[in-house]
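One structure is given below, encoded as structure tokens.
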Amino acid sequence: MRALVLREPGVLGVETVMLAAPARGEVRVRIAAAGVCRSDMHLAEGGLGAGRWPVVLGHEGAGVIDAIGEGVRGLSIGDHVALTMVAPCGLCDPCRRGERTLCEPAGRRSLAGMMADGMSRLTAGDGVVLQHGFGVACFAQYAVLDAAAVVEIPRQLPLWQAALLGCGALTAFGAISHAARVGIGDRVCVVGCGGVGLQAVAAARLAGAAQIIAVDVSERKLEAARRLGATDGVLAGDPDPAGRVRALTGGGVDHALEVVGSPATMRLAWDAIRPGGTAVVVGLARVGVEVSLPAIEFLSEKRIIGSYYASADPPSALRGLAELAGAGRLPLADVVSHRIELDGIPEAFERMRRGEGSRSVVMIDPQLADQP
């Protein structure tokens, strides 16, 4: 099959690779479409630590099951599915505490890029064993995954839109509902209006936020945020964007979501919240990046917390989002700026670096991806 392979940081391209059949407890998915996430770019640049290549990239995708390994229950060939990069074991300490995105076995598998048995199903044409990017590896025509990492979705949902469920939508809606716990009448600021940030704006609107302030370097992205429910837009290039947010709210927002992953935007989110407010860091930072905050302001009971991949049970949350999307209540298509081919991913990374566009979707199997 064709797949996007990262040989080492900065060295990537479409190659022909071999994919083994699914083992016990696994399924094979014919990939229809995949979203291009900033996490993929960080991995491609080597920003997430050493030893994570060679690898087939991609972790946000959807498709149709076309093969099933032994022992799989509740899934059938032909099912339309979205993919999740965290399949909780339900038995480790974090899972038992209800912190299922922090599942220890799932985290180890994702970091190693291997399946549950410690082996890869991917081999390059030159015989080199390839890792499964974030445990998914869906920048490819097919992917083999643990059965717990695929979630059946409504068939009326086009698969190119469903591809966005497994990371962008899940991360954003989880950060709003589970980490920030936005309630009716709350004031919210979203810093960074790419694919995840725009979903966070939509999620805040559905949660009943009275005021939603979008912050971004691009006026075009701010307009997109307004279409999804933002009441105000602030350019990050203004002399004091956090001051503008405080002025618009009369003292600061209740919740600020940072969806970029840089020290500057994390500090902006902190400066935008009111005393007693909460800044939620959603954006993935590169290894080694640090942020500093004015310690005196902890006396005002401001909080800063992290949110990883919905801060909930990913498969369960994904099922709920799929139902919302199938009912037409989740604006997945509205956050897509580019539909591209597999070899267009490097240029999608370049757009991210330039701050252009929102979400790019790779139409790996265009005919399948467009089918409701």
Could you pull out all donor-acceptor pairs under 3.5 Å where a side-chain atom in residues 30-39 meets a protein atom, sequence neighbours excluded?
from: Arg30; atom 1: NE; to: Asp365; atom 2: OD2; distance (Å): 3.0
from: Arg30; atom 1: NH2; to: Asp365; atom 2: OD2; distance (Å): 2.6

Can you see whether Thr278 engages Arg303 through a side-chain donor-acceptor pair at a distance of less than 3.5 angstrom? yes
Does Glu258 form a side-chain hydrogen bond (donor to acceptor under 3.5 Å, both in side chains) with Trp270? I'd like the steps, not just the answer. CA-CA 9 Å; Glu258 190 278 345; Trp270 173 267; over 6 Å; no
Is NZ or CZ of Arg2 both nearer than 6.0 Å to the six-membered ring centre of Phe139 and within 45° of the ring axis? no
One thing to verify: whether Glu356 and Lys221 come together as a salt bridge, which I'm taking to mean a side-chain N less than 4.0 angstrom from a carboxylate O. no
Do Val259 and Val190 make a side-chain contact, defined as non-hydrogen atoms from C-beta onward lying under 4.5 Å apart? yes
For Glu341, does the CD atom have more than 12 heavy-atom neighbours from other residues, nucleotides or ligands under 6.0 Å away? no
Could you tell me whether the side chain of Val29 reaches within less than 4.5 Å of the side chain of Val64, counting heavy atoms only? no
Within 6.0 Å of CD1 in Ile296, more than 12 heavy atoms from elsewhere: no
Compute both the distance and the angle, then confirm whether Arg339 meets the cation-pi test with Trp160: under 6.0 Å from the six-membered ring centre, within 45 degrees of the axis. yes
Excluding sequence neighbours, so at least two apart, what forms side-chain hydrogen bond (donor to acceptor under 3.5 Å, both in side chains) with Asp232? Gln211
Arg246 side chain near Asp240 side chain, heavy-atom distance below 4.5 Å: yes
Contact between Val5 and Val17 at the side-chain level, heavy atoms closer than 4.5 Å - yes or no? yes
So, taking the atom named CG in Asp254 and the one named CZ in Arg181, what distance separates them when rounded to the nearest 0.5 Å? 15.5 Å
Among side-chain atoms of Arg351 and Ser360, is any donor-acceptor pair under 3.5 angstrom? yes
Going by heavy atoms in the side chains, are Leu164 and Arg359 under 4.5 Å from each other? yes
Do the side chains of Glu8 and Arg52 get close enough for a salt bridge, i.e. N-O under 4.0 angstrom? no
Taking C-beta and beyond as the side chain, do Val215 and Leu268 meet within less than 4.5 Å on heavy atoms? yes
Sub-4.5 Å side-chain heavy-atom contact between Ile65 and Leu75: yes
Taking only Lys NZ, Arg NE, NH1 and NH2, and the carboxylate oxygens of Asp or Glu, determine whether Glu45 and Arg353 approach each other closer than 4.0 Å. yes
So Thr84 and His59, do their side chains get closer than 4.5 Å, heavy atoms only? no
